[in-house]
Amino acid sequence: MASEAFPASRGVKRYAFGWQSFLASNEVGLLAVIAVFALVFAYANPGFTSPFNLYALSRVLAIDVVIGFSMMVVLVTGGLNLAVGSIAVSAVMVGGYLMQVAGLPIPLAVVLAIAFGTLLGWINGFLTVRMRVHSFIVTLATMSIFFGAMILATQADAFNELPRAFIGFGKERVFGFVSILLFVALAVWLGLMVVFHLTGLGRELLAAGASPAAARISGLRVDRATIICHSLSGGLATLAGLMLTMRNGAALPSMAGHIGSDWLLPAFLAPVLGGTLLTGGVVSVTGTLLGATLVTVLTNGLLQLQIGEFWVQLFLGLVLLLAVTLNSLRRAFTWRPHRAAS
Amino acid sequence: MSAAEKVLEIHRVSKAFPGVQALDHVDFELGTRQIHALMGENGAGKSTLIKILTGVHQQDTGTLKLRGGEVRFANPRAATVAGISAVHQERNLISRFSIGENIMLERLPAQRGFVDYRKVHAEARRWLDMLGLDLDPRMAVDRLSVAQIQLVEIAKALALEADILLMDEPTASITPYETDHLFALLRQLRDRGVALVFVSHKLEEVFELCDQITILRDGRIACPTRPLKGLNRGDIVRFMIGRDEQGARLGARRTDRDATPALALRGVASPLGHQDLTFDLYKGEILGLYGLVGSGRTELAKVLLGVHPPTAGEVQVEGETVRIKDAATALRRHRIGYVSEDRKAEGLILIHGVGRNIAMTIWSRLTGVLGLLRPGVEADTVMPHIDRLDIRTPSLGQTAMNLSGGNQQKVSVAKWLAAEVSILIIDEPTVGIDVRTKAYLHELIAELANEGRAILLISSDMPEMIALADRILIMQNFRLVGEVANDHDYGRMSEAIMAQIHRGEDEAVAAQ
Amino acid sequence: MASPPGSLVIKSILRQDWLGLLLVVVLAIAGLALSQPNFLSSFNIYVLLLGFSLSVLIALAQMVIIAIGQMNLSVGAIGGLAAISFAGLMEVVGLPVPLAALAGLAIGILCGCLNGWITHTTGLSAFIITLATLSIFKGLNLGITEAQPFYDIAPAVKAFGNARMGPIPVMLVAPVIAIIAVWVLMNRTVLGRQMLAVGGNPNAAELSGISIRRAVVAAHAISGLLAALAGMLAVARLQLGQPTIGDDWLIISFAAPVIGGAVLAGGHVSVIGTCLGVVIVTLINNALVLYGIDPFFVQLLLGALILAAVGINRYHEVQEQARRFA
């Protein structure tokens with residue numbers, strides 16, 4: 001739609017906000033779907049709302065949210081990071097070593113582990129920028145390299161005598177039924193909201209992802225943006241890995257499956273359900289949070305209904321397929337993305 | 001030459017794209033045994049017409065008649081089947097395939113699903129011979145030069161043995177010798193009964209080759225289909241630009257040419273092939289850079305922005321020799337901005353809002369503590385520019401893709417105003433933009449220069465160039481071949497520019 | 001063009017991308033043979049060929065998708081689903097071996113068609129579609145088997161998996177046929193050329209009247225077929241219908257074609273290069289075992305090889321551009 005109908009200048013609104021578009025937004029839709037499922041599950045199975053189940057749910061949710069964020073920040077650039085799981089395991093094993101063997105104080109070990117994960121992410125970003133190939137192939141290679149190196153270094157042995165304080169933190173409850181880990185995830189959510197909505201850097205990252213050519217010509221440093229996003233992804237993946245370690249009670253080389261590939265589905269599900277575009281430049285931080293919530297509620301509810309855990313994966317695959325198809329339908333009705341020649 | 005029969009008739013065809021009426025009730029007739037010139041400035045609607053005839057786009061209203069029967073091409077395949085083939089401006093070869101396979105791709109000779117390569121290459125050989133091309137059809141296309149690729153495209157179109165052949169600037173990147181050969185062949189085809197449409201910016205080629213002519217201007221018919229005989233160059237130019245006098249007198253500027261130039265090039269060469277570029281650009285001046293498509297003008301802008309840094313010579317900003325390694329350095333350290341010719345790919349971020357598109361160049365300046373943007377600071381900075389350029393948008397959040405072409409172009413200028421650049425390179429500012437906004441943009445560019453900015457204007461729109469520029473540099477084959485001081489008299493200036501270009505062409509031929 | 005045909009043949013061989021790879025393979029074999037006497041033993045060659053048989057099918061399954069400029073994350077999941085269907089149909093339904101095998105292949109083709117059809121109709125990146133179908137196929141697999149293997153494999157299948165003629169495993173027949181078929185497809189058939197055209201320049205392919213839908217769906221169907229074949233071969237080799245078949249195929253499926261010189265943007269693949277890529281990977285695996293090095297090292301090397309291959313490709317591109325501007 002052309003906008004000639006609007007008078008110039010005086011009529012230009014500084015912010016675009018309308019109740020209609022707000023109610024039709026992805027986030028509100030997701031919230032409604034989550035509410036419906038939660039009600040159905042609560043009705044079908046009273047155990048769903050038991051404090052213990054809510055605690056378990058919030059703990060899993062916290063981890064899935066952060067995994068989703070770790071992929072989301074790379075999707076911003078129009079790239080992706082297959083190595084999230086692999087980075088997480090590698091950095092967690094470093095953290096495990098620092099805590100259990102080197103005996104470093106917990107906060108220091110956690111910070112060093114996250115720094116290590118950030119470094120691995122930086123390597124991904126650096127290689128992507130330098131080799132001028134899609135991050136798919138770079139992270140495909142590094143997921144194998146990081147995982148292989150981790151297995152070689154640890155000989156596939158777990159660190160299962162982690163300090164009690166570390167494991168204990170993951171078991172803390174707030175109000176009796178909310179895992180403290182959920183507050184960690186919410187803190188990350190808040191941080192990313194600030195970055196993507198209130199800072200110049202966030203705007204630059206989005207611009208670089210939406211159209212690298214236009215951003216570069218306008219004097220933005222696109223390569224730097226790519227590297228920042230990958231580094232951030234590595235750090236967030238590590239945080240998720242540490243949270244999972246607290247839940248498991250040990251640093252396990254197998255926690256993300258073979259070469260970390262078990263994380264791929266949850267990592268993509270949350271941001272894609274939340275409305276983050278795979279083509280880059282559009283992000284929904286809250287959407288990712290809600291996307292992860294939907295996935296966790298569905299998984300938890302289905303398991304509670306005694307549907308075999310193996311069918312849940314099939315179900316999540318269908319959800320992903322449905323979500324991307326709906327997104328593409330919606331886009332087809334509103335606008336067609338401009339394909340920049342690479 | 002026997003009498004022509006009408007093979008293709010276009011009646012009152014219209015086509016609109018968001019914000020621009022590309023074709024407005026256009027009529028067009030094509031006969032067999034004719035080479036038909038389709039002329040017009042950039043953005044006049046030639047390419048849109050070609051794309052409707054080849055099924056790439058579909059008309060909104062109006063009819064197409066092929067040999068008397070009404071047709072509508074849903075896709076390119078339908079047009080090919082109906083006997084229309086085309087050489088498009090875009091490259092349409094598969095680079096890893098052999099020349100022969102590319103030429104024969106539409107209908108690979110095959111037996112039970114297996115390609116008969118002997119036949120593919122033998123057939124292809126025929127078409128290459130016809131164009132006088134001594135190339136091995138088994139050679140891969142990615143080993144060819146740009147000119148050879150263009151010729152293979154033409155061979156591919158010929159191989160369809162269509163009775164209607166459309167050629168959109170087929171001579172843009174080939175040498176005069178190859179052009180002669182091509183023209184001889186096109187005449188042969190014409191005499192065999194093929195109807196040809198020839199789109200070119202080169203007037204002398206049109207006079208050399210064509211029988212009929214139709215001229216478009218701003219999406220309308222400026223000169224209905226008629227024989228070329230009886231028209232001279234001046235007539236055609238007048239039809240194309242429609243205004244003998246470029247109405248708006250934009251006021252003369254007084255430029256101080258004794259001051260230190262804002263931008264100076266000294267013998268600059270580039271990896272793209274630029275050689276020995278030397279010129280000065282002063283504050284408060286509009287320096288035009290004219291040349292045909294592919295002469296290296298946009299590429300020069302990219303060299304100055306550090307996308308392809310110079311390999312020799314010096315670039316001076318305010319008298320100091322500088323090395324610009326990327327657009328960020330150009331903007332932040334030297335206050336150089338670039339309004340791209342390709343506003344959809346390079347000028348704008350289509351999926352982002354107007355406000356962000358304009359503020360993109362200054363985010364680093366707007367941030368305070370911890371990199372936070374102060375609330376409302378983006379809107380405060382952007383609003384004055386929206387007002388000044390009269391950008392029509394309901395809100396700052398409106399995505400750029402939902403604006404009309406003219407407003408999009410204003411946005412891509414506004415971001416450089418926001419960045420307060422002192423040197424602005426403006427590349428084809430008015431392509432595909434409606435007449436009213438075009439006039440407005442011209443006034444704006446003049447104003448920007450009057451305010452003391454140094455402006456390098458790249459345009460292939462000659463009236464625009466003559467209306468705006470103070471001096472005009474002429475570029476050809478990545479070299480500067482001349483300079484004219486502009487007195488804003490269209491007739492005299494266009495002749496002078498054309499003469500320079502011809503001289504350059506002759507020199508190029510002599511060099512070979 | 002005046003040169004005699006013989007020199008032309010030599011020239012065209014010298015121009016092949018895979019010549020360097022062949023050299024690497026020859027040197028590696030020579031080096032291993034000289035340093036490790038066991039390397040050329042009949043049993044070791046048998047082990048090498050077994051590894052090659054499976055890997056090459058996985059690699060080809062990915063290669064045909066790379067040809068059309070897409071990627072297929074679900075190769076392993078399709079292979080696994082076909083494998084357990086094959087085994088399950090024999091054990092539970094009691095289908096005769098040939099019928100069960102046909103059903104397994106049909107499932108592979110069906111899964112592939114589904115991938116191709118959804119990708120083409122939605123116009124979305126094959127990456128996200130095949131990630132979704134990966135989890136659907138894997139979910140089906142686990143839902144059916146509840147992660148328990150089918151043990152009751154027909155004796156004929158077991159015999160096929162174990163049969164050898166000296167150092168040559170009989171099951172090598174399947175990949176050899178597949179290699180030849182895919183080579184012919186990619187280099188000699190109209191369909192294969194159309195697939196490559198779509199991968200190389202979709203706009204040009206469409207303007208040339210090539211049906212993109214047909215090329216995309218066909219490529220995915222062939223990919224599914226090859227993945228299913230690999231899955232069933234794995235059943236014969238393992239002598240049981242293991243639900244985890246296919247879980248670790250992702251890296252090798254991309255590594256071999258990329259090492260073999262495939263352009264990930266589509267439009268160019270090399271069947272011979274891909275085979276040589278598989279040979280290199282198989283040799284590395286073997287060398288690690290022979291030298292008593294931690295076999296997990298292969299994971300690291302595979303990743304490094306992918307990076308190196310992409311880096312070399314990139315280097316050639318840059319050189320090529322420099323040549324063009326010169």
Side-chain angles (χ1 to χ4, degrees), chain A residues 80 82-83 86 127 130-134 136-156 257-259 261-262 264-265 267-269 272 278-279 307-325 327-329 331-332 336 342, chain C residues 71 73-74 76-77 114 118 121-125 127-129 131-147 243-244 247-255 258 264-265 293-311 313-315 317-318:
Chain A
L80 41 79
L82 297 183
S86 193
L127 288 174
R130 269 305 160 92
M131 297 175 80
R132 302 244 162 266
V133 289
H134 195 269
F136 170 83
I137 194 73
V138 169
T139 55
L140 180 80
T142 57
M143 91 191 267
S144 190
I145 294 175
F146 297 158
F147 192 83
M150 183 276 297
I151 290 283
L152 283 178
T154 61
Q155 289 301 305
H258 181 68
I259 57 173
S261 56
D262 285 2
L264 286 181
L265 189 63
F268 278 98
L269 261 171
V272 168
L278 290 173
T279 42
I307 290 171
E309 63 176 308
F310 299 124
W311 294 109
V312 172
Q313 186 173 13
L314 169 89
F315 196 74
L316 291 182
L318 284 173
V319 169
L320 179 59
L321 204 55
L322 195 71
V324 289
T325 313
N327 258 337
S328 84
L329 277 179
R331 269 220 306 284
R336 294 195 161 275
S342 55
Chain C
M71 52 190 92
L73 299 191
S74 68
L114 199 68
I118 300 175
T121 356
T122 58
L124 289 163
S125 101
F127 171 83
I128 198 76
I129 298 294
L131 177 68
T133 58
L134 148 69
S135 112
I136 292 173
F137 300 151
K138 185 70 196 176
L140 266 176
N141 174 338
L142 292 176
I144 292 167
T145 59
E146 299 187 323
T244 55
D247 282 3
D248 54 356
W249 291 6
L250 183 68
I251 299 290
I252 173 77
S253 81
F254 281 100
V258 169
L264 284 172
I293 300 170
D294 195 326
F296 280 116
F297 206 72
V298 77
Q299 210 58 260
L300 214 151
L301 274 176
L302 271 183
L305 270 178
I306 294 179
L307 280 184
V310 174
N313 263 348
R314 183 73 209 153
Y315 177 76
E317 269 172 48
V318 172

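A quick note: this is a predicted structure, and the numbers were derived from the prediction, not measured. Proteins come first, then strands; the chains are lettered A, B, ... in the order of their sequence lines, and each starts at number 1.
For chain C, no part of A:Val319 is nearby; none of its heavy atoms comes within less than 4.5 Å. If you measure heavy-atom distances from C:Tyr315 to chain A, you find no contacts under 4.5 Å at all. Heavy-atom distances place the side chain of A:Leu82, and not its backbone, under 4.5 Å from chain C. In this structure, the portions of C:Ala147 lying under 4.5 Å from any heavy atom of chain A include both its backbone and its side chain. At a 4.5 Å heavy-atom cutoff, the contact between C:Ile118 and chain A is made by side-chain atoms alone. For a residue to count as touching a neighbouring chain, one of its non-hydrogen atoms must lie under 4.5 Å from one of that chain's; by this rule C:Leu301 does not touch chain A. Looking at A:Met150, there are no atoms closer than 4.5 Å to chain C (heavy atoms on both sides), in backbone or side chain. Neither the backbone nor the side chain of A:Leu322 comes within contact range of chain C; no heavy atoms are under 4.5 Å apart. In this structure, chain C has a heavy atom under 4.5 Å from the side chain of A:Phe136, while its backbone stays farther away. For A:Val324, the parts lying under 4.5 angstrom from a heavy atom of chain C are both the backbone and the side chain.
Here the closest non-hydrogen pair linking C:Gly303 and A:Ser144 is N-OG, 3.9 Å. Taking both residues in full, the closest heavy atoms of A:Met131 and C:Leu307 are given as CE-O, 3.3 Å, listed atom of the first, atom of the second, then distance. The two residues C:Gln299 and A:Gly148 make their nearest non-hydrogen contact at CB-CA, 3.7 Å. The two atoms that bring C:Ile128 and A:Phe268 nearest to each other are CD1-CD2, 4.0 Å, heavy atoms only. Considering every non-hydrogen atom in both A:Thr325 and C:Leu124, the closest pair reads N-CD1, 4.2 Å. What you find for A:His258 and C:Asp247 is that their closest heavy atoms are CD2-O, 4.2 Å.
Atom CZ of A:Arg130 has 12 or fewer neighbouring heavy atoms from other residues, nucleotides or ligands inside a 6.0 Å radius. With a 6.0 Å radius and a threshold of 12 heavy atoms from other residues, nucleotides or ligands, A:Phe310 has its CZ atom above the threshold.
Put simply, the side chain of C:Asp294 does not reach to within 4.5 Å of the side chain of A:Ile151, judged on heavy atoms. For the pair A:Trp311/C:Leu140, a side-chain contact is recorded, criterion being any heavy-atom separation below 4.5 Å from C-beta on.
The most heavy-atom pairs under 4.5 Å with chain A, out of C:Gly139, C:Ser135, C:Gly311, come from C:Ser135. Heavy-atom pairs under 4.5 Å with chain A peak, among C:Thr121, C:Val310, C:Ile144, at C:Val310. Considering only heavy-atom pairs separated by less than 4.5 Å from chain C, the leading option among A:Leu316, A:Val138, A:Ile137, A:Val133 is A:Ile137. The most heavy-atom pairs under 4.5 Å with chain A, out of C:Val258, C:Asp248, C:Ile251, come from C:Ile251. Of the listed residues A:Thr142, A:Ile259, A:Leu320, the one with more heavy-atom pairs under 4.5 angstrom with chain C than any other is A:Leu320.
Between A:Leu318 atom CG and C:Thr133 atom OG1 the span is 10.5 Å, to the nearest 0.5 Å. To the nearest 0.5 Å, atoms CG (C:Leu302) and CE (A:Met143) are separated by 12.0 Å. Atoms CG and CG, from A:Leu321 and C:Leu131 in turn, are 10.5 Å apart once rounded to the nearest 0.5 Å. Summarising the geometry, atom CG belonging to A:Leu265 is positioned 13.0 Å from atom NZ belonging to C:Lys138; distances are rounded to the nearest 0.5 Å. C:Leu300 contributes atom CG, which lies 10.0 Å from atom CZ of A:Phe146 (distance to the nearest 0.5 angstrom).
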Practice problem: Go through the steps for C:Leu250 and A:Leu140 under the test side chain to side chain contact (heavy atoms under 4.5 Å, CB included), then give the verdict. | Solution: CA-CA 9 Å; C:Leu250 183 68; A:Leu140 180 80; 4.0 Å; yes
